[in-house]
Amino acid sequence: MAPANIRLNPVGLVVLSVFVMCLFFYLFGFPGFSKDEKVSMRQLLSVSVDLAERGGRRVKEIAEAQTLEAKEKGKTKEGAKEMLTQGDLESHRAILNGFLKTFPGMTVISEEHENTPVDFHQIPDPNRHLPEVMQAVQNDQQISKSRLAVWIDPLDATQEYTEGLYQYVTTMVCVVVDGEPTIGVIHKPFSGETVWAWVNYGHSPNLKKASDIQRDPNHRQIIVSRSHSGPVETVAKRSFGENTEVVPAGGAGYKTLEVIKGNVEAYVHVTLIKKWDICSGHAILKAVDGTMTTLEGNYISYRPSDDPKNGEGLLATIYNHNDYLNKLTPEMDTLKGKHRR
């Protein structure tokens with residue numbers, strides 16, 4: 001018996017093909033369009049706060065268990081040690097993996113790096129609707145994921161962490177839109193305080209900007225890094241006078257908050273600083289109409305394609321930014337001239 005010839009109806013083939021394609025797109029979405037998915041900024045803020053606090057819990061637990069396992073991962077240009085601890089790594093994992101689970105495909109830039117495989121089923125879902133955020137922020141904004149990036153510093157002030165100077169230690173998350181710092185979260189694991197802000201939309205109830213109190217121009221208070229200071233004390237005193245009080249402190253997040261609270265007048269950094277150190281503070285400062293620039297007065301961009309290092313120094317103020325900038329610039333020019341010779 002001869003085999004039967006099966007003839008497929010061309011129209012039927014077309015209908016079947018269209019049905020299969022529609023089913024595929026329904027189940028898996030349109031390929032190549034995932035980066036244009038809209039993200040709720042209100043939910044992203046809530047997740048950022050929750051994850052900064054999650055990382056902070058790991059930082060505190062490891063300190064309390066005395067399992068820091070501190071080691072030197074390198075040195076700064078000035079020769080200061082750059083430390084790495086289990087607190088850095090565990091906080092990094094908690095924050096990074098929380099973001100990647102909640103917002104797949106999101107660009108996340110962290111100070112720490114590792115390639116350990118992750119079982120996302122084991123990662124707890126972050127809270128997209130924290131009551132504090134939902135109450136303080138009444139409006140929302142939907143932004144394409146391709147325009148967003150998240151900068152995280154899993155443990156700011158690692159040197160101080162190893163020394164038990166826990167008041168300086170923070171975990172930080174910053175969301176940027178088209179390179180602009182827009183959401184900032186700074187969490188202090190050992191006091192439990194969390195400060196956050198979304199520029200033009202709202203901020204945490206505990207974020208209070210200092211009043212513009214007229215200070216003695218002959219006795220300014222400038223906060224600087226205690227471990228990466230470089231020649232900042234000399235520069236500050238030559239710029240503002242010998243009576244300038246230079247306050248050393250750890251952690252860029254801590255120092256920026258001190259400016260916002262009015263405990264000091266300006267935060268000055270004259271050596272290289274990484275952008276994950278300053279992005280969160282920059283966003284919060286911006287939300288209360290403060291200013292952060294390089295010491296040359298240049299804008300700082302946080303696009304993922306940009307260099308993560310800011311080599312032009314830093315000035316952060318709440319008031320009179322240009323006044324400080326104008327006094328600092330001549331001294332910085334002199335310093336650069338000395339380095340070139």
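- If you chain together hydrophobic residues whose side chains sit under 4.5 Å apart, Val175 and Trp151 never meet in one group.
- Using a 4.5 Å heavy-atom threshold, the side chains of Val59 and Glu61 count as separate.
- Shortest non-hydrogen contact noted between Pro189 and Gly56 is CB-O, 3.4 Å.
- When side chains are defined from C-beta on, Glu180 does not count as touching Tyr302, because their heavy atoms never get closer than 4.5 Å.
- When atom types are taken as modelled, the side chain of Lys275 and the backbone of Ser301 share a donor-acceptor pair closer than 3.5 angstrom.
- Here the two rings, on Tyr161 and Tyr168, have centers that are 6.0 Å apart or farther.
- Of all heavy-atom pairs between Thr158 and Leu84, the closest is CG2-N, 4.3 Å.
- Nearest approach of Ile278 to Ala252, heavy atoms of both residues: CG2-CB, 4.3 Å.
- Checking His187 against Thr194 by side-chain atom types alone, a donor-acceptor pair falls below 3.5 Å.
- Here Met172 contributes atom CE and Leu155 contributes atom CG; the two are 9.5 Å apart, rounded to the nearest 0.5 Å.
- Between Glu160 and Tyr254, the side chains place no donor N or O within less than 3.5 Å of an acceptor N or O (distance only, hydrogens not considered).
- Ion pairing between a basic and an acidic side chain is recognised when a charged N comes within 4.0 Å of a carboxylate O; Glu163 and Arg226 show such pairing.
- For the pair Pro124 and Arg54, the minimum side-chain heavy-atom distance is below 4.5 Å.
- The local environment of CD in Glu114 is crowded, with over 12 non-hydrogen atoms from other residues, nucleotides or ligands closer than 6.0 Å.
- The shortest distance between side-chain heavy atoms of Val150 and Ile109 does not fall below 4.5 Å.
- Between the side chain of Ser144 and the backbone N or O of Ser146 there is no donor-acceptor pair closer than 3.5 Å.
- Thr271 and Pro231 make their closest contact through CG2-CD, 4.5 Å (heavy atoms, listed as atom of the first residue, atom of the second, distance).
- Rounding to the nearest 0.5 angstrom, the gap separating the CG atom in Leu96 from the NZ atom in Lys101 is 14.0 Å.
- Across Pro181 and Lys286, no two heavy atoms sit closer than the pair O-NZ, 3.3 Å.
- Between Tyr201 and Trp198, the ring planes are parallel. Angles under 30° get that label, and only those over 60° would be called perpendicular.
- At a threshold of 4.0 Å, the pair Arg93-Glu112 does not count as salt-bridged, since none of the basic side-chain nitrogens sits closer than that to a carboxylate oxygen.
- From Glu233, atom CD reaches atom CD of Glu245 across 10.5 Å, with rounding to the nearest 0.5 Å.
- The distance from the NZ atom of Lys209 to the CD1 atom of Ile318 is 5.5 Å, given to the nearest 0.5 Å.
- Counting non-hydrogen atoms of neighbouring residues, nucleotides and ligands closer than 6.0 angstrom, the NZ atom of Lys261 exceeds 12 such neighbours.
- The residues Asp323 and Arg220 are annotated as salt-bridged, a charged nitrogen and a carboxylate oxygen being separated by less than 4.0 angstrom.
- Taking all atoms of both residues into account, the shortest heavy-atom contact from Thr291 to Leu285 is O-CD2, 3.2 Å.
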